[in-house]
Amino acid sequence: MGSARSRGWNRRMPAGVAQSAWIAVLALCALAVPLSGSGAWIVLAPASVCGCYLAGRHLASTASGLIALASGAAGSALVLWVSARLSALGFLLNLVTVVVLFVFLPWFIGHSRRTAVLVLLRERERLDLQARQRERERQAAQMHDELGHDLALLALQASALQAAAEPGSPAVQQASAIHEQADAAIENLHQIIGVLRQPREPAAMVPAGGDFRKLVAAARARGLRISVTGQRHLHSASVSEWCVDGMHQLVRETLANAARYAPRSEVHVTIEPVSEGLTIAVETQMPAERPPARDGATGLAQLRAYFESHQGTLSVRSSGDHFRVMAWMPLEASAAAQRPPAERLHPARPTRHAVLTLLVPLAIVAAVFTGFYALQNATYKATALSPASFGELDVGMERSEVERIVTAPGLETATPVIRVPEAPSGATCRFFAARTGLLDLSGEMFRLCFTDDVLVSAEHLYPLERN
């Protein structure tokens, strides 16, 4: 509900105002959260996480988000430094840890989510374009098959009329003109369909959904001689729709070719079950004189691709005047072959953005804590003195005795949070952080002062608010 309200609020505001508001949210969170006290922290930390995540979801510019974060963090650092209420290590730990964990990471996760959504939308648009292209190719293929088949049978009728009429009569000339116009229409249709298809890409074959008996009867009515054997196998309950459609499309294509190239020859169609599938063979005798083949014809190539996509086979053999097309398709198409083309070509896989959204925050957190551990360890070894070791020191001890207890070099000056009293006259002093271990971030310090290599002062100093 909160996300939906945020989207509605974001849509009601002008685009420029909304973007400026999200920039201000990021800068304000980076500024206010490190400065908040323990009471305000309970409210500001969760509010910062939510606000920065939503800013990442809605802020379009990555650069603007980073600039806002850097500006807010810089302002917070300036206030913390001027107020002088923390030690240097405490200052860095408070600023960087808070800004990274409660400001930057929520914004980064939201921004990654926004990027992933935009990528998904672009992918959906691309798939939608592909779907429209496939629909256009489907319509082109259907138009080519149906009109080409009808025009081929029309040319066949014109040839029969031309053969039956008295030679030299007007009917012969009219029939010849009809035959030539039908041939020209087939060529024009082929060119038009070629425009609708993608270059160098055959049109996708789709289920024809036609009636095999009506197809054969219509061809016979137009004068084509056809014999069919084993037609009953197509109507078995065990035969899949994909198998029936493949056989239907193959017969329609071969009948159209026979009507064009061998109009007076008989076409033999044989269908029989073989190896848990159906085999169809279409054979015809080619005449000695035949029309020239069309350039770029793709009917049989499309059929071969269709059969192979459903684990079937298709072969074409031509020997002398004998032309034979044979195909086999399994009775049941596999689940993979029945999935939509886009699903076969683009299997589901995790996106790079989802992986980055998980790994980058983890890497940043690991790097921050590793860096602070190394800094804390180095600082502890160079400046720390434990209260137990401090208790072993007595005024009047030689420097050599002190150095056996105090191994850290120490500091020449105290941190800004310490109010330092005047040192003994003529003494040189070293300051040490009062730490019980690596995780002790206390601002307390010890001061050891020496005169002529003799310890003359050992004091426990406290931060300003405790004095």
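Heavy-atom basis, side chains included; hydrogens, waters and symmetry copies ignored.
- Contact detail for Ala73 and Ala30: the closest heavy-atom pair is N-CB, 3.6 Å.
- Residue Ser48 holds its OG atom at 14.5 Å from OH of Tyr53, rounded to the nearest 0.5 Å.
- A parallel orientation is assigned to the rings of Phe108 and Phe104, their planes being inclined by less than 30° (bins at 30° and 60°).
- Under a 3.5 Å cut-off, the side chain of Arg430 and the backbone N or O of Gly410 do form a donor-acceptor pair.
- In terms of heavy-atom proximity, Ile226 sits nearest to Val228 at CG2-CG2, 3.9 Å.
- At a threshold of 4.5 Å between non-hydrogen side-chain atoms, the residues Ile405 and Leu393 count as touching.
- Going from atom OG of Ser112 over to atom CH2 of Trp107 covers 8.0 Å, rounded to the nearest 0.5 Å.
- Counting only distance, with no hydrogens or angles, the side chain of Glu459 and the backbone of Met445 share no donor-acceptor pair below 3.5 Å.
- The backbone N or O of Val274 sits less than 3.5 Å from a side-chain atom of Trp328, completing a donor-acceptor pair.
- In this structure a side-chain-to-backbone donor-acceptor pair under 3.5 Å is missing from Thr383 to Tyr380.
- Below 30°, between 30° and 60°, or above 60°: for Tyr306 and His310 the angle between ring planes is between 30° and 60°, a tilted geometry.
- When every heavy atom of Arg57 is checked against every heavy atom of Arg114, the shortest pair comes out as O-NH1, 3.1 Å.
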Next item on the list: Go through the steps to decide whether Ile418 and Phe431 satisfy the test side chain to side chain contact (heavy atoms under 4.5 Å, CB included), and finish with yes or no.
Entry: CA-CA 11 Å; Ile418 297 295; Phe431 295 85; 5.8 Å; no
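- Although no hydrogens or angles enter the test, the distance criterion places a donor-acceptor pair under 3.5 Å between the side chain of Arg447 and the main chain of Pro421.
- Between the side chain of Arg324 and the main chain of Ala281, no donor-acceptor pair closer than 3.5 Å is present.
- Looking only at distances, a side-chain donor or acceptor of Gln19 sits under 3.5 Å from a matching main-chain atom of Ala60.
- Contact check for Leu448 versus Phe432: side-chain heavy atoms found under the 4.5 Å cut-off.
- Once rounded to the nearest 0.5 Å, the distance linking CG of Asn257 with CZ of Phe323 reads 6.5 Å.
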Next item on the list: Show the numbers, then the answer: is there a disulfide bond (SG atoms under 2.5 Å apart) between Cys29 and Cys52?
Entry: CA-CA 8 Å; Cys29 289; Cys52 292; 3.8 Å; no
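- Closest approach of Leu234 to Met247, counting heavy atoms only: CD2-CG, 3.7 Å.
- Between Trp22 and Gly51, the shortest heavy-atom distance links the atoms CZ3-O, 4.0 Å.
- If you take CD on Gln130 and CG on Leu127, they are separated by 5.5 Å, rounding to the nearest 0.5 Å.
- Side-chain atoms of Met326 and Ile280, non-hydrogen and from C-beta on, never get closer than 4.5 Å to each other.
- The side-chain heavy atoms of Arg404 and Glu392, taken from C-beta on, include no pair separated by under 4.5 Å.
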Margin query: Before you tell me yes or no, could you show the steps for Leu69 and Val99 under side chain to side chain contact (heavy atoms under 4.5 Å, CB included), namely the whole-Å CA-CA distance, both residues' side-chain angles and the distance that decides it to 0.1 Å?
Written below: CA-CA 8 Å; Leu69 291 172; Val99 171; 5.7 Å; no
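- Taking CG of Leu66 as the reference point, atom NE2 of His111 lies at 8.0 Å (rounded to 0.5 Å).
- Note: Leu78 CG to Leu31 CG = 10.0 Å, rounded to the nearest 0.5 Å.
- Judged by distance alone, the side chain of Ser389 and the main-chain N or O of Leu385 form no donor-acceptor pair under 3.5 Å.
- Look at Glu125 and Arg122 and you find no salt bridge, because none of the NZ, NE, NH1 or NH2 atoms lies under 4.0 Å from a carboxylate O.
- For Arg132, the CZ atom counts as densely surrounded, since its 6.0 Å shell holds more than 12 non-hydrogen atoms of other residues, nucleotides or ligands.
- Shortest non-hydrogen contact noted between Val33 and Leu44 is CG2-O, 4.2 Å.
- Under a 3.5 Å cut-off, the side chain of Thr313 and the backbone N or O of Ala327 do not form any donor-acceptor pair.
- No hydrogens or angles considered: a donor-acceptor pair under 3.5 Å links the side chains of His460 and Glu444.
- Annotation: side chain of Leu215 is in contact with side chain of His248 (closest heavy-atom distance under 4.5 Å).
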